[in-house]
2 protein chains.
Amino acid sequence: MNIAVAQSGGPTCAINASLVGVFREALKTPEIDAVFGSINGIEGIINDELMDLKLVIKTNEDMELLRQTPSTVLGSCRYKLPPVEEGGKTYEKILNCFEKHRIEAFFYIGGNDSMDTVAKLSDYLAGVNSKIRVIGIPKTIDNDLPVTDHTPGFGSAAKYVAATVQEIIRDSSVYSIESVTIVEIMGRHAGWLTASTCVLRANDEIAPHLIYLPESEFSAEKFLEDVRIQQAKYKAVIVAVSEGVKLAGEKSKPVMVDNFGHEYLSGIGKTLEQLVKDNIGCKVRSIELNVMQRCSSHICSKTDIDEAEQIGSEGVKAALRGVTGQMMCYKRISDIPYVITIDGIDAHKTANKEKFFPKEWINQQQNDVSPEAVKYFLPLIQGDVKIRMKNGMPVHFKLK
Amino acid sequence: MNIAVAQSGGPTCAINASLVGVFREALKTPEIDAVFGSINGIEGIINDELMDLKLVIKTNEDMELLRQTPSTVLGSCRYKLPPVEEGGKTYEKILNCFEKHRIEAFFYIGGNDSMDTVAKLSDYLAGVNSKIRVIGIPKTIDNDLPVTDHTPGFGSAAKYVAATVQEIIRDSSVYSIESVTIVEIMGRHAGWLTASTCVLRANDEIAPHLIYLPESEFSAEKFLEDVRIQQAKYKAVIVAVSEGVKLAGEKSKPVMVDNFGHEYLSGIGKTLEQLVKDNIGCKVRSIELNVMQRCSSHICSKTDIDEAEQIGSEGVKAALRGVTGQMMCYKRISDIPYVITIDGIDAHKTANKEKFFPKEWINQQQNDVSPEAVKYFLPLIQGDVKIRMKNGMPVHFKLK
């Protein structure tokens, strides 16, 4: 039998490690012949754009480099499959591609949109009595997939954010004047990554002094009051805020207009910066961690990368047992020592759904998170991958 | 005799390493008793706010941690000394502080403003027949100090920028649609740090496809033409642009107005993003590397940190030889093998002056740099410091 694997959604540091997990497990499995990589997610299957991965990932060294390369080596897509009952032609193309290449199992590495693909495709295949198995391998720096304890890619993003915010804390503390530094962190609906900055407390940092999530109640007035309270105690106040935090009422649309008259949507960081400038008047700066949050493999979490490979490998084992229509997920057995197991759950349970940061872990003032959160996050950022360097820079795996 | 050391100007990854250089050399020198740290640059001397460093940097482990801690452990300032002939009272305060604490040599780690302090203070001391020596230790991520081959702090900034731009290249290449990614890099007048992204070519990256420096000629029309030419060859075009690049004519003031009617100065990255959006219409994104460029010690250059310590140490040796009014500087003997020597030059030659990126290293199209630049930059980013970690995060040295 042959198998195929594809990657979908936004980049992370761990998607390629999951690909290596699928690939390495296939190499160890005598029943599996070719491993096809589908170019740009499910689109590669629909358009029959496949690549024989054994021809491009040739050595153990290649696999090690691929593990430390961020983003998706096979490309990605944001393609959503039509409903099974309406999308006959699309599904036939997929089935044709699978049959043409004798693909008996398909592994889709992605977020909640990709799990929608896993659910629909496995429903379709069951409907046509096909034995082809479809398995979802989760990934997202947002950590917002239901059921799984956490998601591959999140730990590395959290480690980058923690190290960077710590460096910003040092940077902001040099001058003798009062200042406010606002760090805008990814997360449109779920605040996991912003909340994870609390891990700095395990290393005796007091900052970030204020942490705001999309899940917390938020208003401009309360924010300014919070900042003033922190300024009474700390010269350089550090604020961590999720991009998805919204101001209540009138100010909820912080539209900027440039000199050509174009509207321009400023982020929450810039909006809060302006609020501090107008109402407090001290030195203030906002910093967007931007795409670096999802692709900074040079400081990835070894735990995250190892687990991402392992969950890919477990996906292959599940498919060989005949499992289909499931997303693999982590189950945490204990925090200390940190132990997880990997199992599958029905992909319908995660498709298009989001898991939010628990309200019980947000403090009463809605501006910080509790010590339980530190305990949850800390194991996920542990360990350093020995990055292979050349000419003083990390080496990335490239297809050609 | 006692000595004093202070840090000034914006943060870098290497200022604390130079402090360790001064401190360690002092420990090895029997003539030197106390090493005082001045809080917030020269202000600490003026206000007699000193700290006995032997009481806070106690072990070799402390020194190692301080070397890997970004920013300035003693704080910083932007204080400019008055002209010698007008600033009697200020200079007397400084002399009083030196005499009160039996300080016979003062080391000032900073950029071109700080070398102004070194020049003026040594002039003043010579004028009152004092034997107290004043030595400048350079630092700046801008690499814009005259005479010295390069500046401590620059190599680490360049290494961070190279690793990050490489990760952004991977991140931007996942989708099948056309895109332009604009990375705005620090450098108001000198383009060294932006130019240094060319080192990626040593690792077979083609991107950044376009590199714009404050020293290059630049116009909106030419920029759009450049982007279109690259788009004919590459799906994901990467642009590296110095914050100091200005649009010619009318568009030179990209002032944004927010919904409260406030003017808001957008950076060149956002301005170019808007230009692409309006004129080309493809997916476009701008990324500001912000303060992370100057404080990302977690990926500092070993060459930079080692040299920064060494130049601090050489400063102490020079002072003991009776040298004063000089800035220590690097002289490059050869690129391969990379060899430098350290010597002093008259601080008046660097005070308030800037060294620009050589026009001969900018291509005719004014949108790229030459292979000579790669040869110049490459040695400066070599080697990795083994960063001490705790709980999955780098450990920083703190004064208390």
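Chain naming here is simple, since letters A, B, ... match the order of the sequence lines and numbering starts at 1 in each. What you see below is based on every heavy atom in this structure, not just the backbone, and it leaves out hydrogens, waters and symmetry mates. Predicted model, so just to flag it, every value in this text is computed and none were measured.
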Pair A/D304 + A/K139, salt bridge at N-O below 4.0 Å:
no
Just wondering, do B/D306 and B/R67 contact through their side chains at under 4.5 Å, heavy atoms?
yes
Taking every heavy-atom pair that is under 4.5 Å apart, which of A/A162, A/G383, A/C77 has the most such pairs with chain B?
A/C77
So which part of A/K390 gets closer than 4.5 Å to some heavy atom of chain B, the side chain, the backbone, both or neither?
both
Proximal component of A/T69, with respect to chain B [non-hydrogen, under 4.5 Å]
side chain
Let me know if A/M393 has heavy atoms under 4.5 Å from chain B in its side chain, its backbone, both or neither.
both
Part of A/Y79 within contact of chain B (heavy atom distance under 4.5 Å):
neither
Given 3.5 Å as the limit, does a donor-acceptor pair link the side chain of A/K159 with the main chain of B/G392, or not?
yes
Interface residues of residues 175-182 of chain A facing chain B - heavy atom cut-off under 4.5 Å:
A/Y175, A/S176
Below 4.5 Å, heavy-atom pairs only: which of B/G75, B/C13, B/S76, B/P11 has the largest tally toward chain A?
B/S76
For atom NZ of B/K302, decide whether the heavy atoms of other residues, nucleotides or ligands shown that lie under 6.0 angstrom number more than 12.
no
Identify which part of A/E205 has an atom lying under 4.5 Å from any heavy atom of chain B, answering side chain, backbone, both or neither.
both
Decide yes or no for B/I42 and B/I45: does some side-chain heavy atom of the first lie under 4.5 Å from some side-chain heavy atom of the second?
yes
Those residues of residues 287-299 of chain B that come under 4.5 Å of chain A on a heavy-atom basis, listed by number, are B/I287, B/E288, B/L289, B/N290, B/V291, B/M292, B/R294, B/C295, B/S296, B/S297, B/H298, B/I299
Can you list the residues that meet the ring pair (Phe, Tyr, Trp, His ring centres under 6.0 Å) rule with B/Y338, with sequence neighbours excluded?
none
Side chain, backbone, both or neither: which part of A/T72 has a non-hydrogen atom closer than 4.5 Å to chain B?
both
Counting only heavy atoms closer than 4.5 Å, note whether A/S8 contacts chain B via side chain, backbone, both or neither.
neither
Part of A/D171 within contact of chain B (heavy atom distance under 4.5 Å):
both
Around atom NZ of B/K375, are there more than 12 heavy atoms from other residues, nucleotides or ligands closer than 6.0 Å?
no
Top residue by heavy-atom pair count (under 4.5 Å) with chain B, among A/L74, A/V174, A/L200, A/T164?
A/V174
Heavy-atom distance under 4.5 Å between the side chains of B/V395 and B/F397, does that happen here?
no
Between B/I305 and B/S156, the two heavy atoms sitting closest are CD1-OG, 4.0 Å
Answer yes or no: is there a side-chain heavy-atom contact under 4.5 Å between A/V73 and A/Q7?
yes
Between B/S172 and B/I238, is any pair of side-chain heavy atoms under 4.5 Å apart?
yes
Proximal component of A/N40, with respect to chain B [non-hydrogen, under 4.5 Å]:
side chain
So, using side-chain hydrogen bond (donor to acceptor under 3.5 Å, both in side chains) as the criterion, who are the partners of B/K80 when residues are at least two apart?
B/N352
Indicate yes or no: does B/E167 engage B/R170 in a salt bridge with an N to O separation below 4.0 Å.
no
Kindly indicate whether the side chain of A/P394, heavy atoms from C-beta on, has any atom under 4.5 Å from the side chain of B/Q166.
yes
Test applied, side chain to side chain donor-acceptor pair (under 3.5 Å); reference residue, B/S286; option that passes from B/Q274, B/E184, B/E273:
B/E273
What option among B/G10, B/S71, B/S173 has the most heavy-atom pairs under 4.5 Å with chain A?
B/S71
Looking at chain A, which one of B/I39, B/N391, B/I381 has the largest number of heavy-atom pairs inside 4.5 Å, strictly under?
B/N391
Could you check whether any side-chain N or O of B/S196 sits under 3.5 Å from a backbone N or O of B/F377, counting only pairs where one atom can act as donor and the other as acceptor?
no
Answer yes or no: is there a donor N or O on one side and an acceptor on the other, between the side chain of A/T303 and the main chain of A/Q382, under 3.5 Å?
yes
Please determine, among B/V199, B/I168, B/T12, the option with the most heavy-atom pairs under 4.5 Å with chain A.
B/V199
